[in-house]
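Here is the naming used below: chain letters follow the sequence lines, and residue numbers restart at 1 for every chain. Because only heavy atoms are used, hydrogens play no part in the values below, and waters and symmetry mates are left out as well, while side chains stay in.
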Amino acid sequence: MVTGDELLLLYEQMAVIRRTEKAAHDLFLSGLVKGTTHLAAGHEAIAVGASAALRADDYVFATYRGHHHALARGATPEECLAELMSRATGLCGAKGGSMHLTKASAGMLGSYAIVGAHLPMAVGAAWSARLRGTGQVAVAFFGDGATNIGAFHEALNLAAVWKLPVLFVCENNLYMEYTAIADVTAVARPAADRAPAYGIPGEVVDGNDVVLVQEAVDRLARRARAGDGPALLEASTYRHYGHSRADPAAYRPAEEVERWLKHDPLDLARGRLDGLGVSAEAIGAADERATAVVQKAVEAAKAAPAPDPAEALTDVWADGGAAWRN
Amino acid sequence: MVTGDELLLLYEQMAVIRRTEKAAHDLFLSGLVKGTTHLAAGHEAIAVGASAALRADDYVFATYRGHHHALARGATPEECLAELMSRATGLCGAKGGSMHLTKASAGMLGSYAIVGAHLPMAVGAAWSARLRGTGQVAVAFFGDGATNIGAFHEALNLAAVWKLPVLFVCENNLYMEYTAIADVTAVARPAADRAPAYGIPGEVVDGNDVVLVQEAVDRLARRARAGDGPALLEASTYRHYGHSRADPAAYRPAEEVERWLKHDPLDLARGRLDGLGVSAEAIGAADERATAVVQKAVEAAKAAPAPDPAEALTDVWADGGAAWRN
Amino acid sequence: MAELTATQEAFGQRQITYREAVAEGIAREMRRDPAVVCLGEDIGAAGGVFKTTAGLFEEFGPGRVWDTPISEQAIVGAAMGAAMTGMRPVAEIMFSDFLACCWDYLANEIPKVRYMTGGQVTVPLVVRTANGGGLGFGAQHSQATENWAFTVPGLKIAAPSTPADVVGMMASAIRSDDPVVFFEHKGLFASKGPPAPPDHVVELGKAAVVREGADITLVALASMVPVALAAAERLAAEGIDAEVVDLRCLIPLDVSTVLASLAKTSRLTIVEENPYQGGWGATLVSVVADEGFGLLDAPVRRVAGECVPLPFADALEERVIPTVDKVMTAVRTLTAY
Amino acid sequence: MAELTATQEAFGQRQITYREAVAEGIAREMRRDPAVVCLGEDIGAAGGVFKTTAGLFEEFGPGRVWDTPISEQAIVGAAMGAAMTGMRPVAEIMFSDFLACCWDYLANEIPKVRYMTGGQVTVPLVVRTANGGGLGFGAQHSQATENWAFTVPGLKIAAPSTPADVVGMMASAIRSDDPVVFFEHKGLFASKGPPAPPDHVVELGKAAVVREGADITLVALASMVPVALAAAERLAAEGIDAEVVDLRCLIPLDVSTVLASLAKTSRLTIVEENPYQGGWGATLVSVVADEGFGLLDAPVRRVAGECVPLPFADALEERVIPTVDKVMTAVRTLTAY
Ligand SMILES: Cc1ncc(C[n+]2csc(CCOP(=O)(O)OP(=O)(O)O)c2C)c(N)n1
Ligand SMILES: Cc1ncc(C[n+]2csc(CCOP(=O)(O)OP(=O)(O)O)c2C)c(N)n1
Ligand SMILES: [Mg+2]
Ligand SMILES: [Mg+2]
């Protein structure tokens with residue numbers, strides 16, 4: 001079981017993510033973030049709980065809604081926000097943007113914007129870990145909507161057949177873009193109810209409780225490392241903002257929103273911290289540190305330069321260039 | 001329950017298919033059929049049993065291993081063999097070939113050579129039937145290997161969510177090309193064990209027993225027509241030839257082959273006919289008619305002309321032409 | 001352009017957006033023909049993520065406007081099956097990049113089934129999709145993928161540049177007994193133009209000369225049409241009189257209009273958003289270099305996307321997608337040849 | 001060619017088939033580098049449906065040669081994930097038509113991830129696939145789909161025409177830190193040629209002048225190289241001296257070799273199996289019509305596949321795929337210009 005001090009660290013990570021997402025939202029509305037953003041406020045416990053259960057050299061693959069995973073794996077708010085704000089100092093040099101946050105050096109192998117596409121990649125990373133005998137696991141995080149696309153099926157079957165150390169973690173926030181997952185899915189639990197089709201464990205966890213997430217991922221990752229194969233974890237959660245950009249999410253019933261906002265990951269963690277005897281001051285100090293980090297990050301990102309246009313024609317190939325002909 | 005006379009008709013259809021496949025095999029070996037063939041000898045009961053349970057206006061979608069379905073739906077041995085032999089009189093004017101036998105006028109909406117691709121099409125045909133209120137059902141026949149491809153998953157989920165009148169019939173012959181399905185599938189029953197993932201019935205039937213196939217398809221088709229949605233039927237069977245062309249199927253254990261050859265659809269039907277009091281003479285006469293039909297078909301196909309090369313540039317577009325520019 | 005629009009509006013001519021035109025074009029056909037049904041992700045009550053199906057669910061109800069799971073293969077595959085059996089489905093693939101998720105249907109099934117069955121079946125469907133870049137959506141949501149479709153015989157390819165053309169070409173596309181891939185440009189959704197007259201039908205495969213000129217022919221498609229027009233306006237100030245052809249469709253390809261223009265101008269520049277390598281303009285140039293060789297007084301140049309993925313930042317994206325400046329540079333070089 | 005082969009064999013020079021060269025090329029790299037692993041359908045004990053992986057399972061075992069389910073997305077997606085994490089996977093997609101079933105990986109993921117991460121990751125993988133027609137496999141198993149890959153920046157594209165090139169280019173492809181799509185032509189599998197010397201490496205992006213000539217340049221790829229060579233032999237009898245360039249790779253595209261040849265011959269015909277619309281030859285022509293315009297003394301012609309699906313019957317397929325006769329007709333027209 002987690003100690004108060006350990007949990008306080010996780011809490012602070014979640015607080016940083018929450019504030020980074022709020023900053024991204026505000027920056028988008030003020031025109032400083034172009035394109036689109038898919039904010040993960042509300043999903044913090046999944047990223048932070050899972051990361052806490054993983055090794056530093058494990059592999060994570062995420063979606064366009066992936067800020068929380070990048071941050072939980074060690075990307076700084078500054079490099080994330082700089083990326084969103086099209087700065088040369090961004091995580092991907094402003095070539096990726098909000099949907100493609102990647103920090104390979106921290107095992108965050110990318111955010112992919114084609115629903116479901118990264119599940120087979122995670123299978124491949126797990127295969128690679130097994131071939132190299134490293135004991136690493138790979139984790140693919142994906143939304144409820146991804147459970148109905150073909151790549152999901154192919155990835156789970158292959159992972160099961162090859163008994164690979166890969167975890168499939170579904171962040172079930174009840175909605176795809178503007179349509180409820182329940183309206184377009186043949187089973188009640190879009191992920192967990194599919195696990196038997198691949199002969200693998202399928203579990204459901206409260207994705208807003210960072211401790212429960214950590215425990216579940218820890219257990220399934222140990223199992224995977226021990227050679228017992230993949231597992232599917234469905235983490236229930238809810239997004240605080242709309243799907244993307246300025247979506248007001250009017251399609252969600254008010255009672256539902258209210259109910260979920262009362263089941264907030266940060267609140268839950270605070271309750272647990274209290275139970276573990278962590279003082280309100282200590283929690284408040286963590287909150288303040290988080291606020292300060294994100295504020296500084298916003299300032300630094302704002303001050304950073306735009307990328308050199310010449311960068312557009314680099315890094316297609318491993319030699320750093322983009323020449324397709326002589 | 002089927003009567004002796006009814007079953008004799010089904011038997012004769014199976015006998016015609018068996019002989020057509022034998023003819024196709026011999027013609028391939030003698031160089032008169034080019035490209036490739038995927039013979040369905042051994043699978044006859046599935047096509048004939050299912051067809052017997054369907055309405056004339058129902059829709060059937062099949063695979064590259066689809067001769068039996070074309071024949072069961074009313075294509076003649078002559079038009080099938082002529083197609084295989086690249087004759088102008090072939091079912092598709094020799095534009096399709098063995099893998100693409102189609103007789104749209106008989107509701108045989110095509111044989112598709114990309115594994116799994118036709119499952120969503122069948123879903124669409126069922127959707128169309130529902131939209132037009134015709135009471136038709138659509139049936140997709142596919143191999144065990146198709147259960148691991150993405151299109152399978154997407155088709156089944158959509159069919160279930162929209163509660164469409166479509167049946168998914170898996171012809172499980174234990175092998176894909178040269179690899180056993182058991183080696184690459186996470187569950188024991190590649191089709192039936194996946195049905196719960198879509199909240200639909202999943203049944204297993206002896207696919208070599210034409211009567212059991214007919215009964216199962218009849219029951220599931222009624223259910224579908226009544227608005228109760230799709231179903232998955234896994235029919236166990238075995239192919240008598242190799243996967244395609246001249247494949248000797250050396251990868252199959254001798255005992256397994258022997259066991260299955262003893263469980264032949266024609267033998268099983270003959271046993272049932274005997275039980276129903278149909279005389280050996282009547283069965284023999286059906287066999288002879290089948291032999292004669294196929295012999296005549298081979299002669300006629302041999303005598304038919306090759307297609308006019310100009311036909312290569314027709315029928316891309318609905319206007320009959322192939323012009324892509326002015 | 002902006003001023004022109006303002007003037008027209010001042011004189012009381014109603015303008016509609018390209019986005020509205022999409023929904024209008026579909027609605028007109030749905031009113032006309034009960035066989036027309038729509039399917040796609042979030043196209044129903046939500047009206048589509050680009051609001052290009054706004055109002056359809058309200059007018060036609062859930063029996064004709066169907067929300068789907070995120071299952072691109074099932075969407076397009078089901079549309080195909082329905083089209084083969086008496087319906088005229090209009091399937092939406094949200095971003096044209098996602099055509100890759102159902103490419104088998106676009107490349108191997110839909111365009112081939114009529115041919116390989118010897119003409120037994122037709123597939124009267126439309127796959128609509130939001131295409132193109134310039135909006136900072138990054139590498140996987142910004143591509144101009146009309147060149148993918150262009151590699152596959154058996155697909156008609158429409159890519160209108162104005163609201164009226166959207167309506168008129170949508171009519172032709174939905175009425176077509178052949179499959180049509182209909183590229184709606186994301187960068188044009190907010191642009192405005194005169195509404196389409198009643199019963200407006202623009203035949204597929206007819207390019208439009210949208211600006212007459214004597215010195216050089218600019219051939220463009222979709223969002224590159226306003227770019228080419230803007231370049232032409234600015235070149236006029238330099239004394240270069242460019243003719244601009246809006247190709248409107250890639251298949252059928254209106255070669256005649258291009259060659260006729262070239263007969264007048266003797267010089268050609270193609271403006272295309274898709275990458276230079278494998279871009280549609282290359283095929284047009286190859287036809288011209290064969291059949292129009294004698295007409296050419298100068299090299300032919302293609303101003304196309306750079307051969308890189310689409311980057312996120314504005315500063316980078318502008319370096320990749322053709323701009324007015326790049327077109328002007330190309331034209332100046334050729335007219336000086 | 002046949003006689004030549006016979007002569008060489010008579011003189012004791014061993015010949016190997018193109019098919020054998022594929023397995024040989026992979027085996028050489030697997031011996032060299034333990035990071036090289038293979039995956040695909042029926043590639044293990046069965047040796048591949050074209051026997052192009054024969055012997056690998058026996059030599060390297062199940063830990064390095066992996067049979068997969070029929071899951072093209074999982075095959076290529078897993079190869080990508082493995083390539084990003086230290087392996088050098090060689091994935092087989094049985095027929096190149098099936099690339100459509102995993103097109104998202106080829107179009108949107110593999111070629112873009114290095115760029116969109118700002119260079120953080122590389123994807124050193126090879127996707128091998130049996131390409132092309134002429135064998136009566138029908139519309140869904142016969143396409144020359146190198147033009148699909150050619151629409152996507154970020155993929156290297158190899159398509160060898162001889163056994164030795166297969167080995168040498170396979171070495172380059174597997175050692176490449178960039179993703180390579182390796183097209184093996186079904187129509188060439190049974191063809192024979194001299195074996196590759198030890199450590200044979202053919203750099204990607206280098207065309208080969210396989211026949212020198214002064215009157216016209218024929219540029220061809222893969223199975224069209226023997227067609228172009230045969231046409232050149234027969235044209236020689238008519239007094240036309242054709243130079244034949246085997247392009248070998250589409251990306252990187254060796255424009256220099258083509259322009260250098262053109263500087264000599266002033267006339268150009270491209271021979272390509274993929275359809276005229278959207279074929280790779282179009283891009284090459286567009287480069288020539290721009291940068292090589294001054295070199296041209298005649299129109300440029302592309303002898304390409306007809307813009308139809310591939311029909312089954314021989315009599316029909318021959319009408320669609322370029323033949324020696326079609327090449328000769330094109331050349332005669334241009335040399336007479
Ligand atoms: C293949 C594909 N289809 C459609 C989309 C458009 N799209 C982006 S996010 C999204 C909803 C995804 O929902 P879910 O998987 O539940 O994830 P969430 O956004 O809720 O985190 C859709 C449809 C896409 N990016 N990729
Ligand atoms: C998408 C795709 N991948 C691979 C193939 C090659 N292929 C043709 S048949 C076949 C085996 C199919 O096995 P199964 O589904 O069991 O059907 P069966 O041949 O046994 O009837 C394979 C791999 C294909 N046609 N399509
Ligand atoms: Mg969701
Ligand atoms: Mg099978």
Quiz prompt | Contact winner vs chain D - C:A289, C:A107, C:A149, heavy-atom pairs under 4.5 Å | solution = C:A289
Self-check item: Segment of C:V287 engaging chain D (4.5 angstrom heavy-atom cut-off)
Solution: both
Practice problem: Tell me, out of D:C307, D:G118, D:C102, who's got the most heavy-atom pairs with chain C below 4.5 Å. | Solution: D:C307
Practice problem: Quick one: which of D:P153, D:A139, D:P111 has the most heavy-atom pairs under 4.5 Å with chain C, could you say? | Solution: D:P153
Quiz item: What residue, out of C:G279, C:G281, C:A298, has the most heavy-atom pairs lying under 4.5 Å from chain D?
Solution: C:A298
Self-check item: Region of C:Y105 in contact with chain D, defined by heavy-atom distances below 4.5 Å
Solution: neither
Practice problem: May I ask you to test the D:L253-C:Q277 pair for a side-chain heavy-atom distance under 4.5 Å? | Solution: no
Exercise. Select one option (side chain, backbone, both, neither) describing which atoms of C:L310 are under 4.5 Å from chain D's heavy atoms.
Key: backbone
Self-check item: Heavy-atom pairs under 4.5 Å with chain D, option from C:F98, C:Y115, C:F150 with the top count
Solution: C:Y115
Quiz item: Parallel under 30°, tilted from 30 to 60°, perpendicular over 60°: which one fits the rings of C:F293 and D:F293?
Solution: tilted
Quiz item: Checking heavy atoms, do the side chain of C:A304, its backbone, both or neither come under 4.5 Å from chain D?
Solution: neither
Exercise. Give the member of C:F312, C:Y337, C:Y276 that has the highest number of heavy-atom pairs under 4.5 Å with chain D.
Key: C:Y276
Quiz item: Once you round to the nearest 0.5 Å, how far does CG of D:D290 lie from OG1 of C:T269?
Solution: 9.0 Å
Quiz item: Which distance, rounded to the nearest 0.5 Å, do you find between the CH2 of C:W280 and the OG1 of D:T151?
Solution: 15.0 Å
Self-check item: Top contributor to chain D contacts, counting heavy-atom pairs under 4.5 Å, from C:V113, C:L99, C:V152, C:L106
Solution: C:V152
Practice problem: Against chain C, work out which of D:P275, D:P311, D:G294 has the most heavy-atom pairs shorter than 4.5 Å and name it. | Solution: D:P311
Quiz item: Any donor-acceptor pair under 3.5 Å linking the side chain of C:T283 with the backbone of D:G278?
Solution: yes
Quiz item: For C:E72, is it the side chain, the backbone, both, or neither that has a heavy atom closer than 4.5 Å to a heavy atom of chain D?
Solution: neither
Exercise. Mark yes or no for whether D:N108, through its side chain, and C:D97, through its backbone, hold a donor-acceptor pair below 3.5 Å.
Key: yes
Self-check item: Which of D:Q143, D:Q140, D:E306 touches chain C most, by non-hydrogen pairs under 4.5 Å
Solution: D:Q140
